[in-house]
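Step one of this worksheet: look at the structure below.
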Amino acid sequence: MDRTAGQKRAIGGILYPPCEPFSRQMLEVGDGHRVYVEQCGNPEGRPVLVLHGGPGGGASPAMRRYFDPASYRVVLFDQRGCGRSKPAAAVEANTTAHLIADIELIRLTLGIEDFILFGGSWGATLALLYAEAHPDRVRQLVLRGVFMATRAELDWFYGGGAGVFWPDIWQQFSEMVPLAERGDLIGAYHRRLFSGDWATEARFARIWAHWENVLASVEGDASIGEAPPEYARTFARLENHYFQHGAFLECDDQILRDRHRIEHVPAVIVQGRLDMVCPPAAAWKLAAGWNKAELRLVAASGHALSETRITAELLRVMDGLRGA
């Protein structure tokens, strides 16, 4: 979850100034996939790996600006099939295990011993799963809008829970498919997003993306325009592919089951109290009993990275870690 179009509300006045990468490369990760990787900031600084949302959202230039460029070596990459990675919208050999392996390959390729993981929504999911697989390679977790990819979370967002608060937008989303198929909207959209007809895929992709985009901000601006067709198709196909397969987890509670592997790792969790996409209950469960985890519930804030209070809190976190 968490598509990068949410960056439209990025608050330029409090972020660090725009910066250009000092390194860009296309990394061959196997299976015909090439992953875009960039680095910015201080080449000798503390490494931070930024994990974008979606799946399928891609990294954006605004994400570089949450880090003091004099202190951090910031690594961003576009996960398989999205952003500048190739081939676009490809779901073959594109699973959570592949993404975890890609992160490890990036670490090894760049010669990084360990790093801070910075991720929100699906990026938080992936950060947690990578950390549980490679706990000795993570020195700190900074998470936002926690999503643990459980059936309950997917049912909330695609089964009508969030629709109780947004009945008009929910109606647009659900009425795209016949009544008989509305008991499983992820499956219904999957059939259309992978129909083989580009126009059909693009049409359903725009509605899929619009549903999430409107609810990402606490303002809930229903007048938000649709994403460009090619971007929407990539985003929707990848996100739907992962959710159709339960994020390729071993079991529904895999993240909580394996949390003991990372309880020695410090974590700060920034969570909007009014997050309609990923409600605070998941962040609360994740932090409960984790002595090194600090949960910061942010008032009057929703899901988007770019919300004013969320941005300000994340900047405080990262500035506070500069000398840690």
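The figures here come from the full heavy-atom set of this structure, side chains too, leaving out hydrogens, waters and symmetry mates. Residues: numbered from 1 along the sequence shown.
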Asp136, CG: over 12 other non-hydrogen atoms inside 6.0 angstrom: yes

Quick one: do [X] and [Y] make a salt bridge, cutoff under 4.0 Å?
X	Y	value
Glu113	Arg107	no
Arg139	Asp114	yes
Asp253	Arg257	no
Glu263	Arg259	yes

Measuring from [X]:[atom1] to [Y]:[atom2], what's the distance to the nearest 0.5 Å?
X	Y	atom1	atom2	result
Trp166	Leu215	CH2	CG	6.0 Å
Asn94	Cys82	CG	SG	8.0 Å
His264	Trp290	NE2	CH2	9.5 Å
Ile310	Arg144	CD1	CZ	7.5 Å
Lys86	Arg34	NZ	CZ	9.0 Å
Asn213	His303	CG	NE2	10.5 Å

If two hydrophobic side chains count as joined below 4.5 Å and joins carry through other members, does [X] share a cluster with [Y]?
X	Y	answer
Leu129	Phe243	yes
Val317	Leu315	yes
Trp170	Val218	no
Phe67	Ile14	yes
Leu274	Leu314	no

Strictly distance-based, threshold 3.5 Å: is any side-chain N or O of [X] a donor or acceptor partner for the main-chain N or O of [Y]?
X	Y	answer
Gln25	Val37	no
Tyr242	Thr95	yes
Asp78	Ala59	yes
Arg24	Glu38	no
Gln244	His190	no
Thr125	Phe147	yes
Arg192	Ala188	yes
Glu201	Gly196	yes
Arg233	Ala205	no
Trp211	Phe157	yes

What are the two closest non-hydrogen atoms of [X] and [Y], and how far apart are they?
X	Y	result
Cys40	Glu20	CB-O, 4.0 Å
Val146	Ala124	CA-CB, 4.4 Å
Pro17	Arg65	C-NE, 3.7 Å
Val35	Ser85	CA-OG, 3.3 Å
Arg182	Leu185	O-CG, 3.8 Å
Leu295	Ala283	CD1-CB, 3.9 Å

When you look at Glu239 and Trp122, which way does the side chain to side chain donor-acceptor pair (under 3.5 Å) test go after all the steps? CA-CA 9 Å; Glu239 189 169 80; Trp122 167 254; over 6 Å; no

Between [X] and [Y], is any pair of side-chain heavy atoms under 4.5 Å apart?
X	Y	value
Tyr66	Val74	no
Gln140	Val268	yes
Val75	Phe115	no
Gln254	Met148	no
Arg322	Asp319	yes
Leu51	Ile103	yes
Pro229	Trp198	yes
Met63	Leu305	yes

Gln79/Leu238 under side chain to side chain contact (heavy atoms under 4.5 Å, CB included): CA gap, chis, key distance, verdict: CA-CA 10 Å; Gln79 295 159 29; Leu238 286 171; over 6 Å; no

Start with the C-alpha gap between Tyr130 and Leu49, add the side-chain angles, then the distance that decides, and say whether side chain to side chain contact (heavy atoms under 4.5 Å, CB included) holds. CA-CA 11 Å; Tyr130 173 84; Leu49 181 73; over 6 Å; no

Can you find a side-chain donor-acceptor pair between Tyr158 and Asn240 that sits under 3.5 Å? no

Do Glu313 and Ser301 pass the side chain to side chain contact (heavy atoms under 4.5 Å, CB included) test, and can you show the C-alpha distance, the side-chain angles, and the key distance before you say yes or no? CA-CA 11 Å; Glu313 196 61 44; Ser301 299; over 6 Å; no

Check step by step if side chain to side chain contact (heavy atoms under 4.5 Å, CB included) holds for Val298 and Glu307. CA-CA 11 Å; Val298 183; Glu307 290 208 6; over 6 Å; no

Considering the options Val48, Ile112, Asn42, which one meets the side-chain contact (heavy atoms from CB on, under 4.5 Å) requirement together with Arg73? Ile112

Measure up the Tyr189 and Phe204 rings against each other and bin them: parallel (under 30°), tilted (30 to 60°), perpendicular (over 60°). perpendicular

Which residues end up grouped with Tyr36 if you chain together Ile, Leu, Val, Met, Phe, Trp and Tyr wherever their side-chain heavy atoms are less than 4.5 Å apart? Met26

